[in-house]
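Single-structure report; data block below.
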Amino acid sequence: MRVPLSADFYARDVVQVAIDLLGTELVRRTREGLTSGLIVEVEAYLAERDPASHASRGRTASNEAMFGAPGTAYVYPIHGRHCFNVVTEAEGRPSAVLIRAIEPLAGRPLMERRRGDVPARDLARGPARLCQAMAIDRADNQRLLTSGSSLWLARSQQPGDMLPIACSPRIGVSRAQHRYLRFFLAGHAAVSGPRKVSSCRWLRQ
DNA sequence: AAAACGATCTACT
DNA sequence: GTAGATCGTTTTG
(Lines give C-alpha, C1' and ligand atoms only; values in the text may rest on other atoms or scores of the structure.)
Protein backbone atom coordinates (compact mmCIF):
# COMPACT_ATOMS: atom_id res chain seq x y z
CA MET A 1 0.00 0.00 0.00
CA ARG A 2 1.44 3.31 -1.05
CA VAL A 3 -1.42 5.63 -0.14
CA PRO A 4 -0.41 9.30 -0.50
CA LEU A 5 -0.15 11.32 2.70
CA SER A 6 -2.99 13.82 2.81
CA ALA A 7 -2.90 17.61 3.02
CA ASP A 8 -3.69 17.30 6.75
CA PHE A 9 -0.32 15.65 7.28
CA TYR A 10 1.54 18.61 5.78
CA ALA A 11 -0.63 21.33 7.31
CA ARG A 12 1.15 21.21 10.68
CA ASP A 13 4.21 22.68 12.39
CA VAL A 14 7.15 22.32 10.00
CA VAL A 15 9.45 20.75 12.60
CA GLN A 16 6.86 18.13 13.50
CA VAL A 17 6.27 17.33 9.83
CA ALA A 18 10.03 17.03 9.28
CA ILE A 19 10.36 14.49 12.10
CA ASP A 20 7.29 12.57 10.97
CA LEU A 21 8.61 12.38 7.42
CA LEU A 22 11.51 10.22 8.60
CA GLY A 23 10.63 6.64 7.76
CA THR A 24 8.01 7.53 5.17
CA GLU A 25 8.35 6.40 1.57
CA LEU A 26 8.98 8.82 -1.30
CA VAL A 27 7.40 7.36 -4.43
CA ARG A 28 8.07 8.32 -8.04
CA ARG A 29 6.32 6.98 -11.13
CA THR A 30 7.44 7.88 -14.65
CA ARG A 31 7.15 6.21 -18.04
CA GLU A 32 10.46 4.55 -17.24
CA GLY A 33 9.06 2.81 -14.19
CA LEU A 34 8.52 3.10 -10.45
CA THR A 35 11.19 4.12 -7.96
CA SER A 36 10.88 4.73 -4.24
CA GLY A 37 12.94 5.19 -1.11
CA LEU A 38 12.68 5.55 2.65
CA ILE A 39 13.31 9.08 3.87
CA VAL A 40 16.24 9.01 6.30
CA GLU A 41 17.40 12.64 6.49
CA VAL A 42 15.53 15.95 6.40
CA GLU A 43 15.93 19.63 7.20
CA ALA A 44 13.22 21.97 8.44
CA TYR A 45 13.12 25.53 7.13
CA LEU A 46 10.92 27.56 9.34
CA ALA A 47 8.94 30.58 8.35
CA GLU A 48 9.35 33.74 6.38
CA ARG A 49 11.32 35.36 9.21
CA ASP A 50 14.03 32.72 9.31
CA PRO A 51 17.06 33.92 7.32
CA ALA A 52 17.80 30.33 6.26
CA SER A 53 14.50 30.09 4.40
CA HIS A 54 14.41 30.90 0.70
CA ALA A 55 11.29 32.89 1.50
CA SER A 56 13.08 35.12 4.00
CA ARG A 57 13.44 37.92 1.49
CA GLY A 58 9.91 37.96 0.24
CA ARG A 59 7.84 36.33 -2.44
CA THR A 60 9.43 35.96 -5.87
CA ALA A 61 8.79 33.90 -8.99
CA SER A 62 11.37 31.31 -7.94
CA ASN A 63 10.11 30.70 -4.39
CA GLU A 64 6.43 30.92 -5.33
CA ALA A 65 5.89 27.23 -4.51
CA MET A 66 6.70 27.84 -0.83
CA PHE A 67 3.60 30.01 -0.55
CA GLY A 68 1.38 27.28 -1.98
CA ALA A 69 -0.87 24.74 -0.30
CA PRO A 70 0.55 22.28 2.22
CA GLY A 71 1.72 19.19 0.36
CA THR A 72 3.07 21.16 -2.60
CA ALA A 73 6.50 20.31 -4.02
CA TYR A 74 9.13 23.04 -4.03
CA VAL A 75 11.97 22.13 -6.39
CA TYR A 76 14.74 24.66 -6.86
CA PRO A 77 18.01 24.66 -8.80
CA ILE A 78 21.37 25.12 -7.11
CA HIS A 79 24.93 24.56 -8.32
CA GLY A 80 23.56 23.14 -11.54
CA ARG A 81 21.42 20.54 -9.75
CA HIS A 82 17.99 20.26 -8.15
CA CYS A 83 16.75 19.94 -4.57
CA PHE A 84 13.32 18.77 -3.45
CA ASN A 85 11.20 20.13 -0.58
CA VAL A 86 7.66 19.60 0.65
CA VAL A 87 5.68 22.68 1.66
CA THR A 88 4.11 22.63 5.13
CA GLU A 89 1.81 24.62 7.42
CA ALA A 90 -1.00 26.81 6.18
CA GLU A 91 -1.14 28.11 2.61
CA GLY A 92 0.63 31.46 2.44
CA ARG A 93 2.96 30.57 5.32
CA PRO A 94 6.20 29.73 3.50
CA SER A 95 7.77 26.85 5.44
CA ALA A 96 9.18 23.67 3.94
CA VAL A 97 11.12 20.48 4.62
CA LEU A 98 14.17 19.70 2.49
CA ILE A 99 14.55 15.98 1.79
CA ARG A 100 18.27 15.26 2.14
CA ALA A 101 18.60 11.48 1.75
CA ILE A 102 16.57 8.38 1.01
CA GLU A 103 17.31 4.68 1.31
CA PRO A 104 16.47 3.14 -2.10
CA LEU A 105 13.55 0.72 -1.97
CA ALA A 106 11.77 0.08 -5.28
CA GLY A 107 13.35 0.38 -8.71
CA ARG A 108 16.97 0.35 -7.64
CA PRO A 109 18.22 -0.67 -11.12
CA LEU A 110 16.45 2.34 -12.65
CA MET A 111 18.05 4.62 -10.09
CA GLU A 112 21.45 3.15 -10.90
CA ARG A 113 20.87 3.84 -14.58
CA ARG A 114 20.00 7.47 -13.84
CA ARG A 115 22.90 8.02 -11.46
CA GLY A 116 25.63 6.28 -13.40
CA ASP A 117 28.55 4.46 -11.88
CA VAL A 118 28.65 5.72 -8.29
CA PRO A 119 29.30 4.03 -4.95
CA ALA A 120 26.16 2.22 -3.76
CA ARG A 121 26.05 4.36 -0.66
CA ASP A 122 25.79 7.52 -2.76
CA LEU A 123 22.90 6.32 -4.90
CA ALA A 124 20.38 8.63 -3.20
CA ARG A 125 22.36 10.20 -0.35
CA GLY A 126 22.28 14.00 -0.66
CA PRO A 127 19.44 16.31 -1.72
CA ALA A 128 20.56 16.67 -5.35
CA ARG A 129 21.63 13.07 -5.75
CA LEU A 130 18.23 11.75 -4.69
CA CYS A 131 16.58 14.07 -7.20
CA GLN A 132 18.71 12.60 -9.95
CA ALA A 133 17.93 9.05 -8.81
CA MET A 134 14.20 9.83 -8.76
CA ALA A 135 14.23 12.02 -11.89
CA ILE A 136 12.86 15.01 -9.98
CA ASP A 137 13.47 18.33 -11.73
CA ARG A 138 12.02 21.81 -12.32
CA ALA A 139 8.97 20.24 -14.03
CA ASP A 140 7.94 18.96 -10.57
CA ASN A 141 8.04 22.39 -8.96
CA GLN A 142 4.61 23.28 -7.53
CA ARG A 143 3.31 19.75 -8.13
CA LEU A 144 0.72 18.64 -5.57
CA LEU A 145 2.05 15.61 -3.67
CA THR A 146 -1.32 14.55 -2.28
CA SER A 147 -2.85 13.06 -5.44
CA GLY A 148 -0.48 10.12 -5.92
CA SER A 149 -0.20 10.54 -9.69
CA SER A 150 3.52 10.70 -10.32
CA LEU A 151 5.25 11.97 -7.18
CA TRP A 152 4.02 11.49 -3.63
CA LEU A 153 4.83 10.36 -0.10
CA ALA A 154 3.34 7.39 1.67
CA ARG A 155 3.40 6.02 5.18
CA SER A 156 5.73 3.05 5.23
CA GLN A 157 6.17 2.07 8.88
CA GLN A 158 3.60 -0.03 10.68
CA PRO A 159 1.61 1.82 13.34
CA GLY A 160 3.50 1.47 16.60
CA ASP A 161 6.93 1.08 15.02
CA MET A 162 9.60 3.03 16.84
CA LEU A 163 12.26 4.94 14.94
CA PRO A 164 15.51 6.35 16.36
CA ILE A 165 15.38 10.04 15.51
CA ALA A 166 18.53 12.10 15.95
CA CYS A 167 19.26 15.73 15.34
CA SER A 168 22.42 17.50 14.35
CA PRO A 169 24.70 18.57 17.20
CA ARG A 170 25.15 21.89 15.46
CA ILE A 171 21.54 22.83 15.13
CA GLY A 172 21.89 25.80 13.68
CA VAL A 173 24.58 27.33 11.82
CA SER A 174 25.43 26.88 8.19
CA ARG A 175 28.48 28.45 6.61
CA ALA A 176 26.38 31.45 5.73
CA GLN A 177 25.41 31.85 9.40
CA HIS A 178 21.92 30.68 8.69
CA ARG A 179 19.99 28.51 11.08
CA TYR A 180 18.50 25.21 10.15
CA LEU A 181 17.15 22.11 11.88
CA ARG A 182 18.41 18.78 10.61
CA PHE A 183 16.97 15.41 11.59
CA PHE A 184 17.93 11.92 10.51
CA LEU A 185 17.52 8.28 11.44
CA ALA A 186 20.34 7.60 13.90
CA GLY A 187 23.05 5.30 12.64
CA HIS A 188 21.49 4.87 9.23
CA ALA A 189 23.95 4.13 6.44
CA ALA A 190 22.41 6.52 3.95
CA VAL A 191 22.51 9.75 5.95
CA SER A 192 24.91 12.47 4.95
CA GLY A 193 24.56 14.19 8.31
CA PRO A 194 27.16 14.16 11.07
CA ARG A 195 28.12 10.89 12.70
CA LYS A 196 27.99 12.39 16.18
CA VAL A 197 24.58 13.38 17.45
CA SER A 198 23.53 15.63 20.27
CA SER A 199 20.42 13.73 21.11
CA CYS A 200 18.55 10.66 20.05
CA ARG A 201 15.02 9.78 20.90
CA TRP A 202 12.69 7.03 19.87
CA LEU A 203 9.50 8.22 18.30
CA ARG A 204 6.31 6.36 17.64
CA GLN A 205 5.54 6.61 13.98
C1' DA B 1 25.43 44.03 -17.88
C1' DA B 2 28.45 42.10 -14.67
C1' DA B 3 29.53 40.01 -10.36
C1' DA B 4 28.57 37.43 -6.32
C1' DC B 5 26.38 33.89 -4.08
C1' DG B 6 24.72 29.27 -2.56
C1' DA B 7 19.70 24.34 1.40
C1' DT B 8 25.84 20.74 -3.71
C1' DC B 9 28.84 17.16 -5.70
C1' DT B 10 33.06 15.04 -7.10
C1' DA B 11 37.65 14.07 -7.09
C1' DC B 12 41.26 14.54 -5.23
C1' DT B 13 44.88 14.33 -0.73
C1' DG C 1 39.10 17.55 4.91
C1' DT C 2 39.06 20.80 0.84
C1' DA C 3 39.39 22.90 -3.96
C1' DG C 4 37.03 23.55 -8.08
C1' DA C 5 33.01 22.95 -11.18
C1' DT C 6 28.69 24.56 -12.01
C1' DC C 7 24.42 27.58 -13.21
C1' DG C 8 20.11 29.97 -11.91
C1' DT C 9 18.94 33.79 -8.98
C1' DT C 10 19.86 37.96 -6.71
C1' DT C 11 22.47 42.03 -6.05
C1' DT C 12 25.19 45.73 -7.63
C1' DG C 13 26.95 49.40 -10.78
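Note that the structure is a prediction, hence the values are computed from the model and not measured. Below, read A as the first sequence line, B as the second, and so on, with proteins coming before strands; counting in each chain starts at 1.
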Just compare B:dA7, B:dT10, C:dT10 and give me whichever is closest to any side-chain atom of A:R115. B:dT10
When you compare the ring of A:H79 with the six-membered ring of C:dT6's base, are the centres less than 5.5 Å apart and the planes under 30° from each other? no
A:T60 vs C:dT10: side-chain N/O to OP1/OP2 distance below 4.0 Å: yes
Take atom OH of A:Y45 and atom P of B:dG6, then tell me their distance rounded to the nearest Å. 12 Å
Using whole Å, report how far CZ of A:F84 lies from C1' of B:dC9. 20 Å
Identify the nucleotide, in any strand shown, that forms a Watson-Crick or G-U wobble pair with C:dT6, with both distances under 3.5 Å; if there is none, say none. none
Would you tell me if any nitrogen or oxygen in the side chain of A:S62 comes within less than 4.0 Å of OP1 or OP2 on C:dT10? yes
Want to settle it: does A:G80 or A:A61 sit nearer the 5' end of DNA chain C, counting the closest nucleotide to each? A:G80
Closest heavy-atom pair, A:N141 versus A:V75, reported as atoms and distance to 0.1 Å, is OD1-N, 3.0 Å
Let's see if you can work this out: which of C:dT11, B:dA7, B:dC9 has an atom nearest to the side-chain heavy atoms of A:H54? B:dA7
Tell me the interatomic distance from A:R57, atom CZ, to C:dT11, atom C1', rounded to whole angstroms. 10 Å
Quick check, does A:Y76 stack with B:dA7? I mean ring centres under 5.5 Å and planes off by under 30°. no
Expressed in angstrom and rounded to an integer, what is the separation of A:R121 atom CZ from B:dT10 atom C1'? 15 Å
Is there a donor-acceptor contact under 3.5 Å linking the side chains of A:R114 and A:Q132? no
Scan A:D122 against the nucleic acid and name what it touches under 4.0 Å (heavy atoms): base, sugar-phosphate only, or nothing. nothing
Give a yes/no answer on whether the side chain of A:R100 brings an N or O atom under 4.0 Å of OP1 or OP2 in B:dT8. yes
Round to the nearest Å and state the distance from A:R81 atom CZ to B:dC5 atom C1'. 17 Å
